[in-house]
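A quick note: this is a predicted structure, and the numbers were derived from the prediction, not measured. Atoms within each ligand, like the ligands themselves, are counted from 1 in listed order.
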Amino acid sequence: MSRDSLLADLRVAPGHGPGLLDRDPGERVGASSKKEGAARLAEVVERLGVLHNRLYAEASRSVLLVLQGMDASGKDGVIRSVFTGLNPQGCRVQSFKAPSPVELAHDFLWRVHQVCPARGEIVIFNRSHYEDIVAVRVRKLAEEKVWGKRYDHIRGFEKLLTDEGTTVVKVFLHVSRDEQRVRLQERLDDPEKRWKFRPGDLDDRALWDEFSVAYEDVLGETSTKAAPWYVVPADHNWSRNLAVAGILVAALEEIDPKLPEPVIEPTTIT
Ligand code: ADP
């Protein structure tokens, strides 16, 4: 299958729901085995490095990758594998935790806008403004009259970003409930991973169905032509990493950043 048709399969068509229940989190995307996937990933990451260098040198446009997903869907793993090989100058990871009192004293996009990418940068949001709909709705932190208006605000906000030169790509890591159990159990059992475990993870797991409905709605409401959502099967780490790296490379190839004209002719330096 060509890369374009693969990405088209993962993309949520504007105006349609993602149909999460019909998508298999265990699907292998981009390669048929872990070994082949690792080899492909190395190529894609290398290409990403070249394109990122051009984006940074051009310094006029930027890329924002939004990562959302249930707990243990692999957001941290994606970030580690996709950012390997990128120049730390010109890329940034921004994590969004529960808002502080100061952040809560402002509108929900206040803390988000100030950390969006500058020209030349790639920024990954590890969680994002989408928590202000999904988490707020499921945990009943505000009424529907508050979070229900946010779909529109987010569409407008992302339109502003894209109009101003930021390519916005959004990825939902689609993990199964079974695989989440395995991963959370691993976190508890492994002393090196136990720090990642929050008691709230179990409360959220109990709200699996509510989170699924909230994601189904939000992905359908906010996948636009300019800022599309992709649903990436996330039960196999290698396939998930390869898919996200591929999505990012495709976004950069679409922008086609150009190196600035050299200021001098090549010459031999003595
Ligand atoms: P992570 O799970 O991302 O590795 P944490 O365990 O610290 O990191 O979880 C961050 C928590 O912050 C998540 O439970 C997430 O739902 C919550 N959060 C982030 N943004 C918001 C928000 N705007 N409103 C409510 N909760 C939020």
Side-chain angles (χ1 to χ4, degrees), residues 64-83 92-116 123-158 170-177 179-219 221-222 229 232 234-235 237 240-241 244:
L64 173 62
L65 173 66
V66 171
L67 279 184
Q68 285 286 155
M70 302 280 201
D71 290 324
S73 55
K75 297 183 284 296
D76 293 344
V78 163
I79 292 167
R80 269 199 310 276
S81 86
V82 171
F83 266 14
R92 181 156 50 84
V93 179
Q94 197 66 49
S95 296
F96 290 91
K97 309 281 182 187
S100 69
V102 175
E103 289 166 345
L104 280 175
H106 294 80
D107 70 84
F108 77 102
L109 290 171
W110 180 78
R111 70 171 180 167
V112 179
H113 202 173
Q114 51 191 306
V115 292
C116 282
V123 170
I124 299 193
F125 279 1
N126 181 359
R127 303 187 186 272
S128 66
H129 42 298
Y130 285 95
E131 295 287 326
D132 292 283
I133 295 180
V134 175
V136 167
R137 172 180 176 179
V138 173
R139 301 196 192 113
K140 300 190 174 18
L141 302 175
E143 291 175 39
E144 181 167 358
K145 68 174 193 271
V146 176
W147 58 258
K149 290 184 183 142
R150 292 181 174 171
Y151 296 115
D152 213 24
H153 293 309
I154 286 179
R155 282 188 294 259
F157 173 59
E158 290 177 354
K170 304 176 292 193
V171 169
F172 176 72
L173 299 178
H174 189 214
V175 74
S176 66
R177 194 161 191 269
E179 181 61 23
Q180 187 198 50
R181 180 181 52 73
V182 171
R183 293 180 187 180
L184 289 178
Q185 188 68 56
E186 250 172 48
R187 274 186 196 175
L188 265 184
D189 295 344
D190 181 348
E192 290 294 326
K193 290 188 180 168
R194 201 170 299 145
W195 65 273
K196 273 194 158 191
F197 197 92
R198 292 179 305 122
D201 289 348
L202 294 180
D203 300 333
D204 284 352
R205 180 166 164 78
L207 293 168
W208 181 274
D209 290 343
E210 288 81 352
F211 272 105
S212 300
V213 169
Y215 272 119
E216 181 74 27
D217 288 350
V218 83
L219 302 189
E221 287 282 344
T222 59
W229 274 106
V232 168
D235 277 5
N237 295 351
R240 172 202 73 200
N241 296 344
V244 178

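- The N/O atoms of Lys75, backbone and side chain alike, include none that comes under 3.5 Å of an N/O atom in ligand 1.
- A salt bridge between Arg198 and Asp204 is present, with a side-chain N of the basic residue lying under 4.0 Å from a carboxylate O of the acidic one.
- Within the structure, the closest approach of Gly200 to ligand 1 does not fall below 4.0 Å when heavy atoms are considered.
- Within the 4.0 Å heavy-atom shell around ligand 1 one finds Arg111.
- By the 3.5 Å distance cut-off applied to N or O atoms, Asp76 is not counted among the residues near ligand 1.
- Among all non-hydrogen protein atoms, the one lying nearest atom 8 (O) of ligand 1 is Lys97 NZ, 3.1 Å.
- Contacts between Met70 and ligand 1 below 4.0 angstrom, taking non-hydrogen atoms only, are absent altogether.
- Checking only distances, Glu131 does come within under 3.5 Å of ligand 1, N or O to N or O.
- Checked against Glu131 for a side chain to side chain donor-acceptor pair (under 3.5 Å), the options Arg137, Gln68, Arg139 give a single hit: Gln68.
- At a threshold of 4.0 Å, the pair Asp190-Arg183 does not count as salt-bridged, since none of the basic side-chain nitrogens sits closer than that to a carboxylate oxygen.
- Contact annotation for Arg198 and ligand 1: only side-chain heavy atoms (C-beta onward) come within less than 4.0 Å of the ligand.
- Neither the backbone nor the side chain of His129 comes within 4.0 Å of ligand 1, counting heavy atoms alone.
- For atom 2 (O) of ligand 1, the nearest protein heavy atom (residue, atom name, distance) is Arg127 NH2, 2.8 Å.
- Not a single donor-acceptor pair under 3.5 Å links the side chain of Arg177 to the backbone N or O of Trp208.
- Of the polar atoms of Asp132, at least one N or O is found under 3.5 Å from an N or O of ligand 1, judged by distance alone.
- Among the atoms of Ala98, some N or O lies under 3.5 angstrom from an N or O of ligand 1.
- Contacts with ligand 1 closer than 4.0 Å are made by no heavy atom of Lys196, backbone or side chain.
- At a heavy-atom cutoff of 4.0 Å, ligand 1 is contacted by no atom of Asp201, backbone or side chain.
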